[in-house]
Amino acid sequence: MEITHHTAIISGGASGMGAATAKMLSQAGANVVILDLNYTAAEKLAQEIKGLAIACDVTNAISVENAIQKINETYGAARICINCAGIVKSKRMVGKEGPLPLEEFRQVIEINLIGTYNLMRIAAAAMINLPPIGASFERGIIINTASIAAFEGQIGQTAYSASKGGIVSLTLPAARELAQFGIRVNTIAPGLVDTPMFEKIPSAAKLALAEMVPFPKRLAHPLEFAKLALHIIDNEMINGEVIRLDGALRMQAK
């Protein structure tokens, strides 16, 4: 799919992989809309790339519906939707203080999995009404963000792995369901990415994590996520796929 002059939504687009993707899509000529709870950071980036920032809670149906309505009124319905919003929380199912509070598990599922699905369903409903374009009569594409934790979750990642595993599992059925409308659905499953999440980790610990990656021996750059997202948009035969972005890293149980 062509990117130039089309509208692209990025949830969690104010930082990390979402921000890198927003910048690259803007450079490619897209009308970029950043959805984020951190409106201050989203607005700062939007001004930099001449895009649009909208404060949005992806777990809230009305919040997302209002955001999509504003996008439709400003640019017209988006043909590109990239879900990057999410949280990371590591905590054992049963720790020293007893079982993990159910609300903490629910929060991770609510933001990572239900938030992704919420934006998917509303963005797809708007895409369906767009005229098909190109030789393949495509209407749009949705790219979600999972994690290698969906496949090799570590101790303390039961909630996080479950949320990302859900995203992996919904990829193919969603792609099959939306195929009749010319809408593709794919997922990127990153490994260790040098995002703000790693800012509080000591340098020695980051180096140790980098050593776990077979090649290249480093953390992935957010720009590499963005590059993959743009290739998926461009390559129409990539559909219903979950693509790992991890330097051949396979996490082992400890």
To the nearest 0.5 Å, what is the distance between NZ (Lys164) and CG (Asn112)?
4.5 Å
Does the side chain of Asn144 come within less than 4.5 Å of Val185's, by heavy atoms?
yes
Under a 3.5 Å threshold, yes or no: a donor from one side chain and an acceptor from the other, between Gln107 and Glu103?
no
Is a side-chain donor-acceptor pair under 3.5 Å present for Asp57 with Ser63?
no
Flag side-chain contact, heavy atom, 4.5 Å: Ile114 against Val58
no
Indicate yes or no: at least one non-hydrogen side-chain atom of Leu113 is less than 4.5 angstrom from one of Leu170.
yes
Whether Arg79 side chain and His6 backbone form a donor-acceptor pair below 3.5 Å
no
Electrostatic pair Glu211:Arg218 at N-O distance under 4.0 angstrom
no
Sub-4.5 Å side-chain heavy-atom contact between Met127 and Cys81:
yes
So, taking the atom named NZ in Lys217 and the one named CG in Leu207, what distance separates them when rounded to the nearest 0.5 Å?
12.0 Å
Once you round to the nearest 0.5 Å, how far does OG1 of Thr4 lie from CG of Asn31?
10.0 Å
Ignoring hydrogens and geometry beyond distance, is a side-chain donor-acceptor pair present between Ser90 and Gln157 at under 3.5 Å?
no
